[in-house]
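What follows is one structure encoded as structure tokens, with my remarks underneath.
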Amino acid sequence: MTPEIMARIFDPFFTTKFTGRGLGLAAVLGIVRGHKGALKVYSEAGRGSTFKILLPCLIGATSSSTLVPAKVPDWQGNGTILVVDDEETVRATVARMLQVLGFKVLLANNGEDGLQQFREHTQLIAAVLLDLTMPRLDGEATFREMRRVNPNVRAVLMSGFNEQDAISRFVGKGLAGFVQKPFRLSELRDTLRRVLG
């Protein structure tokens, strides 16, 4: 990268590619900082780039043989949750979490697909888990269109950005909740319990 590009790579929405991208590195930086870490970047134009993630070490780490297995959640939901995210691994992971919590799951890989599924299954959907940054139709536009179909849609935003930055465009628009990626099963459970009552 040139020095000019390198100076901007963590800016939200900065991209050298097509519109609708540019949040990946900003999200990564937010996640790393959320874990009290840092990122170092080394780059030479025409030669490549190296990213180093520095995280604090765990004091008093336990061996894997002493880890306690995860408990079954103490709250079970019911109904159908629509998960809208353009990353396959995120969709698969969140679907497994939701199934453990007792939900049925519908999956969509972008905002347009999510909106179509929402229109087709509005009466079945208890809540929507919605990614902020997606190609074709981002989370904000998808949520706006879903509210036209059902003004009472319960949508929970999922993002690697911190909550304040992620939901700033949703203030006063009826967003039901927020979970910061990556999140644990317990965090998702607590959010859905609060959103669904």
Side-chain angles (χ1 to χ4, degrees), residues 12 20-37 39 51 53 55-56 58 61-62 64 67-118 120-121 124-143 146 153-163 165-167 170 175-196:
R21 290 303 201 209
L23 286 170
L25 287 175
V28 167
L29 182 61
I31 292 167
V32 170
R33 284 184 175 165
H35 289 85
K36 298 182 174 48
L39 263 169
F51 290 77
I53 298 176
L55 297 170
L58 180 64
T62 60
S64 59
L67 293 176
V68 177
K71 288 173 53 177
V72 175
D74 61 357
W75 175 82
Q76 291 285 294
N78 58 51
T80 302
I81 305 287
L82 172 60
V83 178
V84 187
D85 196 297
D86 61 331
E87 293 184 44
E88 185 176 348
T89 54
V90 172
R91 286 193 310 273
T93 302
V94 173
R96 284 194 299 272
M97 289 178 166
L98 290 169
Q99 289 162 350
V100 166
L101 292 171
F103 292 101
K104 294 176 184 164
V105 183
L106 293 173
L107 300 174
N109 62 9
N110 60 57
E112 288 179 355
D113 184 31
L115 183 56
Q116 182 62 36
Q117 290 206 48
F118 186 75
E120 291 173 9
H121 305 286
L124 297 175
I125 295 172
V128 178
L129 290 174
L130 184 62
D131 186 24
L132 178 60
T133 58
M134 296 178 287
R136 297 167 81 186
L137 199 63
D138 68 11
E140 182 181 10
T142 303
F143 178 60
M146 285 179 175
V153 58
R154 289 181 275 200
V156 175
L157 188 66
M158 304 183 295
S159 176
F161 290 108
N162 70 47
E163 184 172 3
D165 292 340
I167 68 169
F170 294 84
L175 191 66
F178 173 82
V179 286
Q180 185 172 2
K181 294 178 183 176
F183 48 84
R184 294 183 175 95
L185 177 60
S186 60
E187 294 167 314
L188 181 60
R189 177 202 62 205
D190 292 348
T191 299
L192 288 173
R193 180 165 44 189
R194 187 171 56 253
V195 166
L196 297 173

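Note on Arg136 versus Asp86: no salt bridge recorded, every NZ/NE/NH1/NH2 to OD/OE distance being 4.0 Å or above.
Annotation: the span from Leu192 atom CG to Glu187 atom CD amounts to 12.0 Å, rounded to 0.5 Å. Atoms CG and CZ, from Leu98 and Arg91 in turn, are 13.5 Å apart once rounded to the nearest 0.5 Å. Taking CD1 from Ile81 and CD from Gln99, the interatomic distance works out to 11.5 Å, rounded to the nearest 0.5 Å. Between the CG atom in Leu115 and the CG atom in Leu130 there is a gap of 10.5 Å [rounded to 0.5 Å]. Interatomic distance, CZ of Arg189 versus CD of Gln76, reported as 10.0 Å (0.5 Å rounding). One distance of note links CE of Met158 with OG1 of Thr191; it measures 11.5 Å at 0.5 Å rounding.
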List the steps and the verdict of side chain to side chain contact (heavy atoms under 4.5 Å, CB included) for Leu124 and Lys104.
CA-CA 10 Å; Leu124 297 175; Lys104 294 176 184 164; over 6 Å; no

Output, in order, the C-alpha distance, side-chain angles, deciding distance and verdict of side chain to side chain contact (heavy atoms under 4.5 Å, CB included) for Leu101 and Leu185.
CA-CA 9 Å; Leu101 292 171; Leu185 177 60; 3.8 Å; yes

Please evaluate residues Gln117 and Asp113 with respect to the criterion side chain to side chain contact (heavy atoms under 4.5 Å, CB included), reporting the C-alpha separation (whole Å), side-chain torsions for both, the decisive distance (0.1 Å), and the verdict.
CA-CA 6 Å; Gln117 290 206 48; Asp113 184 31; 3.7 Å; yes

Passes side chain to side chain contact (heavy atoms under 4.5 Å, CB included), Val94 versus Asp85? Steps please.
CA-CA 10 Å; Val94 173; Asp85 196 297; over 6 Å; no

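Side-chain contact annotation: Glu112 with Gln116, donor-acceptor N/O pair under 3.5 Å absent.
By the 4.5 Å heavy-atom criterion applied to side chains, Leu82 and His121 are not counted as neighbours. Two residues are said to be in side-chain contact when any heavy atoms from C-beta on lie closer than 4.5 Å; Leu196 and Phe103 meet this criterion. In this structure, Leu106 and Ile125 have side chains that are in contact, with non-hydrogen atoms separated by less than 4.5 Å. Residues Thr133 and Asp138 fail the side-chain proximity criterion, which asks for heavy atoms closer than 4.5 Å. Taking the side chain as every heavy atom from C-beta outward, Thr142 and Asn110 never approach each other to under 4.5 Å. Residues Phe143 and Val153 have side chains in contact (heavy-atom distance under 4.5 Å, counting atoms from C-beta outward).
Minimum heavy-atom separation, Ala95 to Leu107: CB-CD2, 4.1 Å. The two atoms that bring Ala126 and Arg154 nearest to each other are O-NE, 3.3 Å, heavy atoms only.
Tested against Leu157 for a side chain to side chain contact (heavy atoms under 4.5 Å, CB included), the candidates Leu175, Val128, Leu129 yield a single pass: Leu175.
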